[in-house]
Q: 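Sending over a structure as structure tokens; questions will come in a sec.
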Amino acid sequence: MKSPAEQLEILTRGTAKVLSDSELLKKLEKGEPLRAKLGVDPTSPDLHLGHSVVLEKLRQFQELGHQAVLIIGDFTAQIGDPTGRSRTRPPLSREDILANAETYQEQAFRILDRDKTEIVYNGTWFNKMTFSQVIQLNARVTMQQMLQREDFKNRIANDQEVRLHEIQYPIVQGWDSVEVRADVELGGTDQLFNILVGRDLQKTMGMEPQVVMCLPILEGLDGVQKMSKSLNNYVGITEPAGEMFGKIMSISDELMVRYSLLLIGDEIDPAAHPLEEKKALAAKIVTRYHSAEAAEQALANWNNRGKLDEVELPGFVPPADRKDLIGIVQAAFDSLGEPKSGSDVRRLIQQGSIQLDGEKLPDPKSEPELSLGQVLKLNKKRSVRIAN
RNA sequence: GGGUAGAUUCCGGAGCGGUCAAACGGGGCAGACUGUAAAUCUGCUGGCUAUGCCUUCGAAGGUUCGAAUCCUUCUCUGCCCA
């Protein structure tokens with residue numbers, strides 16, 4: 001077992017904010033496994049690299065012999081975390097939440113050690129609360145405290161609504177910390193406020209307050225907004241190796257530095273060629289979620305993209321009933337599970353996106369001769385090979 | 001409860017009787033350029049059996065040759081007062 005000082009060094013590495021180092025050290029010095037809490041709301045079934053930052057940190061706790069406590073916010077998800085929101089979240093149905101919770105765990109255990117993780121659903125205690133207990137819980141917190149939150153402040157300043165259930169959210173999340181007797185709570189920097197409420201509630205219950213540990217928020221592929229599914233700037237951890245590789249390759253050089261640091265813990269060599277560094281980064285990430293072989297294959301495919309013959313492409317059988325280009329391309333998109341409207345396809349054709357073996361096909365009404373093995377490019381990401 | 005402002009296409013936001021599938025910006029997509037990156041430039045961005053046709057401007061009615069624009073009712077939201 002590593003010394004408390006060594007552990008502190010490892011655990012605080014890469015964090016955005018720890019409140020406070022000295023408190024954490026004191027807890028570590030007790031020599032007992034700490035209970036490290038991470039609360040997640042199963043609002044979206046798929047995890048992406050943005051979520052992985054905090055999960056990686058939790059795994060470090062596990063590796064050092066501490067207890068990971070994963071709280072599935074089946075109850076909180078019904079409220080909807082207002083964090084960073086400029087508007088109220090739509091509520092989720094009970095079924096969706098439970099289904100999401102399943103897939104969430106499945107995916108989280110690609111990172112976490114299942115055997116060293118305690119999983120609890122916060123509905124376990126919240127669904128049992130009586131209304132008078134809810135009122136009592138609310139009595140532990142002041143309105144002024146809640147209104148200090150930046151999101152709420154901004155929304156009020158901008159004349160946007162803040163609903164009362166939303167200001168309950170931090171209180172409810174904070175109460176989780178009391179229920180699981182958390183020693184440390186992990187979260188993104190945007191969770192600072194919520195985690196602090198947990199500290200306060202623990203204090204009012206006579207408990208030793210949890211240490212706050214915030215991890216940086218990972219920017220999405222656009223490099224500006226945080227990675228999120230709704231902004232479609234994410235890399236899902238279950239995505240196929242090729243997709244994952246391609247998405248990483250599309251980020252800017254500046255963003256690459258940050259991804260490397262937060263996702264892999266490596267520095268980018270500024271002297272090396274950025275293209276090579278980016279390929280290496282993409283390969284490392286693919287290796288983590290798939291395998292070294294998959295990463296090699298993805299890299300090889302990437303390098304061969306110019307040489308179409310060597311790349312594996314999905315086969316596509318041209319439809320018998322549509323000979324015109326619009327019909328063919330539409331069928332090709334359908335075969336990939338990405339249906340497009342005729343107007344969309346028409347636009348792609350007219351703009352030169354549709355290419356047969358590298359030749360643009362600009363006429364929507366033409367009836368091109370397709371022969372076996374030719375490559376039909378649909379858009380930047382999708383191409384198919386003619387089959388029968 | 002009273003007063004008042006508002007609800008427009010993915011988002012923000014013009015339009016206030018015909019020239020509106022609806023300005024402009026953002027986002028997205030495509031092309032050019034590149035390191036098949038970013039930045040930049042250009043174009044596109046409701047649907048269709050497509051030089052025309054169909055369905056859209058919170059919902060339902062109504063006025064009119066003609067409505068996103070006017071009237072009525074309804075639903076939802078902000079702000080002010082209580």
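Here is how names work: the chains are called A, B, and so on, in the same order as the sequence lines, proteins then strands, and each is numbered from 1.
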Q: Report the residue (A:N379 or A:P274) whose heavy-atom-nearest nucleotide on RNA chain B is the more 5′ of the two.
A: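 Nearest-nucleotide comparison on RNA chain B picks A:N379.
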Q: Which whole-number value in Å describes the distance from A:I268 CD1 to B:A37 C1'?
A: 13 Å
Q: Given B:G31, is OP1 or OP2 found less than 4.0 Å from the side-chain N or O atoms of A:K377?
A: yes
Q: Using a 4.0 Å heavy-atom cut-off to protein, can you give one letter per nucleotide of nucleotides 43-53 of chain B, 5' to 3': B if the base is in contact, S if only the sugar-phosphate is, - if neither?
A: BSS-SB-B---
Q: When you compare the side chains of A:H51 and A:Q107, does any donor N or O come within less than 3.5 Å of an acceptor on the partner?
A: no
Q: Does a salt bridge link A:K26 with A:E23, judged by any charged N lying under 4.0 Å from a carboxylate O?
A: no
Q: Please report, rounded to the nearest Å, how far the P atom of B:C29 is from the CG atom of A:D222.
A: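 Result: 11 Å.
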Q: Using the P atom as the reference point in each nucleotide, state the distance between B:C70 and B:A7 in Å, no decimals.
A: 11 Å
Q: Once you apply the 3.5 Å cut-off to both distances, tell me the Watson-Crick or G-U wobble partner of B:U9, or none.
A: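 Per the H-bond distance test, none.
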Q: Nearest whole angstrom, please: distance from the C1' of B:G35 to the CE of A:M249.
A: 8 Å
Q: With a 4.5 Å heavy-atom cut-off, do A:L263 and A:L218 have their side chains touching?
A: yes
Q: Distance check, C1' atoms only: B:U69 and B:G62, in whole angstrom units.
A: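 My reading of the C1' atoms in B:U69 and B:G62 gives 15 Å.
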Q: Rounded to the nearest Å, what distance is computed from the CD atom of residue A:E276 to the P atom of nucleotide B:U36?
A: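 It works out to 11 Å between those atoms.
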Q: May I ask you to decide whether A:R13 forms a salt bridge with A:E9, counting only side-chain N to carboxylate O separations under 4.0 Å?
A: yes
Q: Is there a side-chain contact between A:N379 and A:F333 in this structure, where contact means two heavy atoms from C-beta onward sitting under 4.5 Å apart?
A: yes
Q: Which whole number of Å gives the distance between the P atom of B:U4 and that of B:C10?
A: 33 Å
Q: Scan every strand shown for a Watson-Crick or G-U wobble partner of B:A30, both distances under 3.5 Å, and answer none if you come up empty.
A: B:U42
Q: Measuring only the C1' atom in each nucleotide, how far is B:C29 from B:C80? A whole number of Å is fine.
A: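 Going atom to atom, C1' in each nucleotide, I get 45 Å.
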Q: In whole angstrom, what separates A:L348's CG from B:G31's P?
A: 8 Å
Q: Taking the C1' atom of each, how far is B:G31 from B:G12, in whole Å?
A: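 Each nucleotide's C1' atom is 27 Å from the other's.
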Q: Within this structure, what is the CG-to-C1' distance between A:N233 and B:A37, rounded to whole angstrom?
A: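 Value for this atom pair: 16 Å.
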Q: Is A:K360 near enough to B:A32 that one of its side-chain N or O atoms lies under 4.0 angstrom from OP1 or OP2?
A: yes
Q: Would you call A:K30 and A:E208 a salt bridge, taking side-chain N to carboxylate O under 4.0 Å as the test?
A: yes
Q: For nucleotides B:G27 and B:A82, find the distance between their P atoms and express it as a whole number of Å.
A: 44 Å
Q: Find the distance A:K278:NZ to B:U34:P and express it as a whole number of Å.
A: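 The distance from NZ of A:K278 to P of B:U34 comes to 17 Å, rounded to the nearest Å.
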Q: Taking 4.0 angstrom as the limit, do A:E56 and A:R288 come out as a salt bridge?
A: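 Yes, this pair counts.
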Q: Would you check if there is a donor-acceptor pair between the side chains of A:D113 and A:Q62 at a distance under 3.5 Å?
A: no
Q: Checking base pairs now: Watson-Crick or wobble, both atom distances under 3.5 Å. What partners B:G1?
A: B:C81
Q: Say we look at B:A37 and B:C33: how far apart would their P atoms be, to the nearest angstrom?
A: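 The answer is 11 Å between these two P atoms.
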Q: Can you measure A:I354 atom CD1 to B:C29 atom P for me and round it to whole angstrom units?
A: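 To the nearest whole Å, that distance equals 15 Å.
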Q: For B:A22 and B:G18, measure between their P atoms and round to the nearest Å.
A: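 It works out to 15 Å between them.
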